[in-house]
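Data first, discussion second: the structure below is written as structure tokens.
Chain letters run A, B, ... following the sequence lines, proteins first and then strands; every chain starts at 1.
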Amino acid sequence: MASYNPPVVEPKWQDFWLKNKTFKTPALPSGPKYYILDMFPYPSGAGLHVGHPEGYTATDILARYKRMRGFSVLHPMGWDAFGLPAEQYAIETGTHPRLTTEKNIGNFRRQIQALGFSYDWDREVDTTDPKYYRWTQWIFLLLHDTWYDAVEKKGRPMADLPIPAKVASQGETAVRAFQDSHRLAYQAELPVNWCEALGTVLANEEVVDGRSERGSHPVVRMPLRQWMLRITAYADRLLEDLETLDWSESIKEMQRNWIGRSEGAEVGFSLEKGAGTIRVFTTRPDTLFGATYLVLSPEHPLASAISAEERKEAVRAYQETAARKSDFERTELAKKKTGVFSGAFAINPVNNARVPVWIADYVLASYGTGAIMAVPGHDERDFEFAREFQLPIVAVVRPPQEWLEKTGSTLESLTEAFTGDGVACNSGEFNGLDTGEFKLRISHWLEKKGLGQAKVHFKLRDWLFSRQRYWGEPFPLLHEVNSEGKATGVVEPLAVGELPLELPALEDFRPSGKPEPPLGKAKAWVKVERNGKSWLRETNTMPQWAGSCWYYLRFIDPLNSGSFCDKNLADAWLPVDLYIGGAEHAVLHLLYSRFWHKVLFDRGFLPGAEPFHKLINQGMILGEMEFTAFKKGEVWVSASEVDYDGRQGVEKKTDQALAGQKVAEDQVEKKGDAFVLKAMANIRVDARAYKMSKSRGNVINPDQVVEEYGADSLRLYEMFLGPLEATKPWSMRGVEGVYRFLGRVWRLFIDDRAEHSSLLPSLIMAPPGKETLRFLHQTIKRVTEGLETYRFNTAIAAMMEYVNHLTPLEVKPRPALEPLVLLLAPFAPHLAEEIWQALGNQDSLAYAPWPLAVEEFLKEDAIEVPVQINGKVRLKLTVPPDLDEDALREMALAHEKVKELLAGKTIRKVIIVPGRLVNLVVS
RNA sequence: GCCGAAGUGGCGGAAUUGGCAGACGCGCCGGACUCAAAAUCCGGUGCCCGAAAGGGUGUGUGGGUUCGAUUCCCACCUUCGGCACCA
């Protein structure tokens with residue numbers, strides 16, 4: 001075993017770490033703490049993917065580095081194991097999801113352990129373990145027992161909810177209804193996204209373009225009783241607290257957009273006939289004079305009530321069509337606006353104009369008041385609709401002259417909506433006001449007259465929290481039923497002592513095809529008798545997000561059977577100092593977690609209002625670069641003539657489908673800014689790296705890489721590939737490159753021609769030369785800085801440079817080489833441990849002190865300073881590093897070559913940056 | 001359409017308080033070792049002209065600021081990610 005042999009070295013140290021519990025974290029930190037977290041995986045049947053180890057390697061490197069710097073490091077791993085695939089598999093094969101899940105977890109654990117990550121495995125959690133989901137259920141009950149006090153801006157226990165006297169006087173049922181309507185977890189009958197293929201209701205977030213995010217099955221809307229979580233109560237705090245977080249601006253922006261706070265005004269338009277008022281929400285109250293009609297969403301409660309007798313049938317028909325439309329159809333057909341006139345008119349409060357009330361599905365029932373005032377002159381959607389139905393368009397904001405010219409509009413006749421700010425016109429007493437000023441004035445005016453008030457709305461909706469599936473956490477609640485078996489509306493939470501409420505055994509996992517949850521099949525489980533009453537258990541289950549909302553808390557105190565997490569331990573470890581994971585969770589998981597965390601914080605269980613202090617999203621790793629050429633029959637077609645989405649090519653001018661053909665790298669060459677066939681330089685080739693996918697067949701399996709090159713090479717390669725946050729293509733050749741580097745490090749220490757791992761004879765206890773010493777300390781500095789700023793690629797490059805310096809040395813001074821092992825240890829821990837041991841150390845280097853760069857050794861004796869003439873480098877001076885400006889000028893001007901180049905020219909200016917450059921500006 | 005990120009050799013990438021563009025790795029070319037191959041080691045490698053010395057040119061495109069721009073400003077193009085009738 002003399003040459004570098006990962007298959008022997010790596011399992012040896014993995015066993016060592018496990019056996020010795022090298023990475024066991026104490027219950028409480030001793031000294032400074034560092035909580036570094038990965039987004040735990042869903043253990044799919046497909047196994048690990050090279051995307052997983054990217055983030056895991058980054059966190060592992062930092063965890064190991066922080067340990068060497070004396071931190072108490074909490075670095076755990078677990079499984080987000082509830083969810084659809086295991087259940088789908090159960091439906092297809094009859095295998096219980098428990099078995100599938102256990103098998104998959106076993107496989108994931110094996111794969112992850114083969115990569116040498118320094119997790120404390122004693123803290124492993126599994127969201128499907130009743131000992132875990134007991135506390136998920138407990139948190140749900142806490143949400144159920146919490147209401148949001150808008151004055152104190154805080155979640156508080158139900159016991160604190162003041163009951164208005166009027167409600168109290170109406171009796172127990174009214175009080176209960178009042179309480180239920182304030183809980184953070186509540187039931188609602190509402191149109192949901194029912195996906196028949198998956199047999200479940202999906203959250204809005206899980207529906208993409210009217211299809212399920214998972215599997216892309218059609219989704220239709222239907223009303224159903226659901227559990228909801230009142231995340232909207234926390235919208236403001238979720239928005240404001242983003243400021244306190246060290247997250248990338250783009251992720252924060254995505255969350256802000258998702259929360260979608262918008263300021264505007266609510267205005268009442270009274271109906272011409274009858275006493276009713278239509279309330280609308282607008283962000284442009286300054287355009288009130290331009291409101292030429294109103295629009296109600298088809299689901300608006302007034303929609304049918306206000307309709308004129310002769311329009312009722314048309315309205316009803318339209319409502320029906322709109323209700324039948326799936327979200328998909330709504331967005332697909334959005335190109336052309338539809339709607340019906342209700343026959344009713346309302347009065348514009350600012351100018352008493354009589355405006356028609358229309359019903360159209362471009363207005364959403366779920367946002368604002370479900371009704372809008374339409375200002376076609378200044379809103380693109382209203383403009384489109386007004387055009388379609390020949391409604392009047394009035395300009396009330398004067399667009400700039402250029403805009404009118406560009407669009408061919410006049411103030412009297414707009415060719416498109418002007419949505420910018422400007423100066424008001426056609427607005428009575430408000431004419432001449434700027435948009436901003438107008439908004440303020442009109443809001444006050446409306447408020448004074450009792451016609452409206454300033455108002456804030458959010459795009460964020462309450463969170464639909466129930467699923468009609470088996471493989472999820474059961475809700476720990478009972479519904480009271482009367483003697484006829486009908487629900488009375490009384491809901492009884494289980495006592496804490498009754499948790500966990502375990503999933504019943506089930507043999508048939510098939511969804512019924514109707515939105516009735518499979519748990520309903522467990523008849524004996526569902527029916528409960530207690531206190532002389534009959535009850536039914538809730539048969540919905542929680543969504544996959546539930547378990548992942550709080551797992552980072554359980555890691556702090558994973559075995560606690562009396563609490564989800566001890567308060568003292570939470571105080572000591574929170575917040576998570578660094579959280580790394582994929583950007584696909586930028587909105588949902590992170591928003592949901594923040595919400596739960598805030599509730600737990602409000603209720604006094606946690607020390608701070610935010611869970612994750614710093615967040616980094618690792619970039620996606622794409623497959624290897626692919627070159628694709630196109631053929632029409634037997635004739636090549638240049639890629640510039642083809643629209644190609646990665647699967648299907650279509651010739652631009654004929655719309656004819658073309659067969660894409662993979663071309664080997666050595667068949668193409670770069671010409672200009674594109675790749676062409678070597679054989680035919682006029683035929684361009686599509687060159688791209690694609691997302692890894694089974695169907696494309698470009699998935700890289702980490703097991704294979706480990707087998708061929710070892711875990712250290714995989715780890716190092718994934719970090720060397722480029723910046724952590726960037727999307728980057730995989731290259732097997734690149735893995736080979738870092739593998740060679742590790743081999744060179746090995747041979748720096750170990751005699752690879754010897755029988756056993758013995759040190760090289762040239763490795764001797766001698767003081768290093770000055771240059772080597774400087775190189776070492778510069779390397780320490782660069783690697784340390786790289787780690788502190790998460791730039792692993794450049795840290796690795798620094799070590800490579802140092803190794804390149806050491807390799808040719810005939811005598812290897814041990815004091816200059818030993819620190820290299822420590823620098824490399826976080827990146828390639830197996831190799832480092834093996835060499836460390838060969839150097840005679842008894843203990844693991846996991847807690848060896850990190851090398852420190854000594855300022856004194858970093859200094860250079862001489863540096864090169866470029867001399868530029870008119871910005872072009874003409875020569876370089878070798879000078880002492882601290883040479884001052886005057887001396888540099890003198891040296892530069894005295895130089896033979898400078899004299900030569902300046903002959904006959906006049907020096908206009910001399911710019912000197914000591915230590916950096918000299919620039920002579922001449923004419 | 002809107003929001004965000006990014007465009008640098010054949011490829012991945014490095015360099016930012018504005019100061020030597022291309023570190024490091026891959027690939028490629030040449031050499032050493034070898035009977036040979038692999039492995040390893042040494043040297044070269046942005047592009048153009050040139051035998052060389054040397055010169056020119058160059059960080060998506062076009063402009064600007066500056067002694068000096070990959071870095072700052074304006075406009076545009078392309079790619080990727082997110083949102084998408086949210087009034």
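- Nearest nucleotide to the Arg874(A) side chain, out of G56(B), G27(B), G12(B): G56(B).
- OP1 or OP2 of C11(B) lies within a sub-4.0 Å distance of a side-chain N or O belonging to Lys670(A).
- Across all strands, Lys872(A) comes closer than 4.0 Å only to sugar-phosphate atoms, never to a base (heavy-atom distances).
- Counting only heavy atoms from C-beta on, Ile911(A) has its side chain closest to G19(B) among C83(B), G19(B), G81(B).
- You'll find the side chain of Asp286(A) reaches within 4.5 Å of the side chain of Lys439(A), heavy atoms only.
- Base pairing analysis places C26(B) opposite G10(B); the two distances defining the Watson-Crick or G-U wobble pair are each below 3.5 Å.
- When distances are taken from the side chain of Thr794(A) to each of G12(B), A15(B), C41(B), the shortest belongs to A15(B).
- Nucleotides A51(B) and U65(B) have their P atoms positioned 40 Å apart, rounded to a whole Å.
- Remark: the Lys909(A) side chain and the C67(B) base include no donor-acceptor N/O pair separated by less than 3.5 Å.
- The Pro723(A) side chain lies nearest to A14(B) when the options are G25(B), A14(B), U40(B).
- Annotation: A23(B) and C11(B) have their P atoms spaced 15 Å apart (nearest Å).
- Distance from the side chain of Ile372(A) is smallest for A87(B) among the nucleotides C41(B), G19(B), A87(B).
- OP1 or OP2 of G68(B) has not a single side-chain nitrogen or oxygen of Arg908(A) nearer than 4.0 Å.
- Backbone-only contact: Leu721(A) has heavy atoms under 4.0 Å from sugar-phosphate atoms and none from a base.
- Looking at the side chain of Thr807(A), the nearest of the listed nucleotides C41(B), C83(B), A87(B) is C41(B).
- Which of G27(B), G10(B), G25(B) sits closest to the side chain of Phe720(A) comes down to G25(B).
- Rounded to whole Å, the P atom of A15(B) lies 29 Å from the corresponding atom of G63(B).
- Taking a pair to require two hydrogen-bonding distances under 3.5 Å in either a Watson-Crick or a G-U wobble arrangement, C41(B) pairs with G31(B).
- Here the separation of G64(B) from G10(B), taken at their P atoms, is 28 Å to the nearest Å.
- Distances from the side chain of Tyr362(A) to the nucleotides C85(B), C83(B), G19(B) place C85(B) closest.
- Across all strands shown, U57(B) forms a Watson-Crick or G-U wobble pair, both distances under 3.5 Å, with G46(B).
- Across all strands shown, Arg261(A) has no heavy atoms under 4.0 Å from either base or sugar-phosphate atoms.
- Candidate nucleotides C20(B), C3(B), C67(B) were compared by shortest atom distance to the side chain of Glu253(A), and C3(B) ranks first.
- Nucleotides U57(B) and A21(B) are separated by 13 Å at their P atoms, to the nearest Å.
- In this structure, of A23(B), A87(B), C20(B), it is C20(B) that holds the atom nearest to the side chain of Val873(A).
- Nearest heavy atoms, Tyr362(A) versus Asp382(A): OH-OD1, 2.7 Å.
- In terms of heavy-atom proximity, Tyr318(A) sits nearest to Pro298(A) at CE2-CG, 4.0 Å.
- Judged purely by distance below 3.5 Å, without hydrogens or angles, the side chains of Ser262(A) and Tyr367(A) pair a donor atom with an acceptor atom.
- Taking a pair to require two hydrogen-bonding distances under 3.5 Å in either a Watson-Crick or a G-U wobble arrangement, C2(B) pairs with G82(B).
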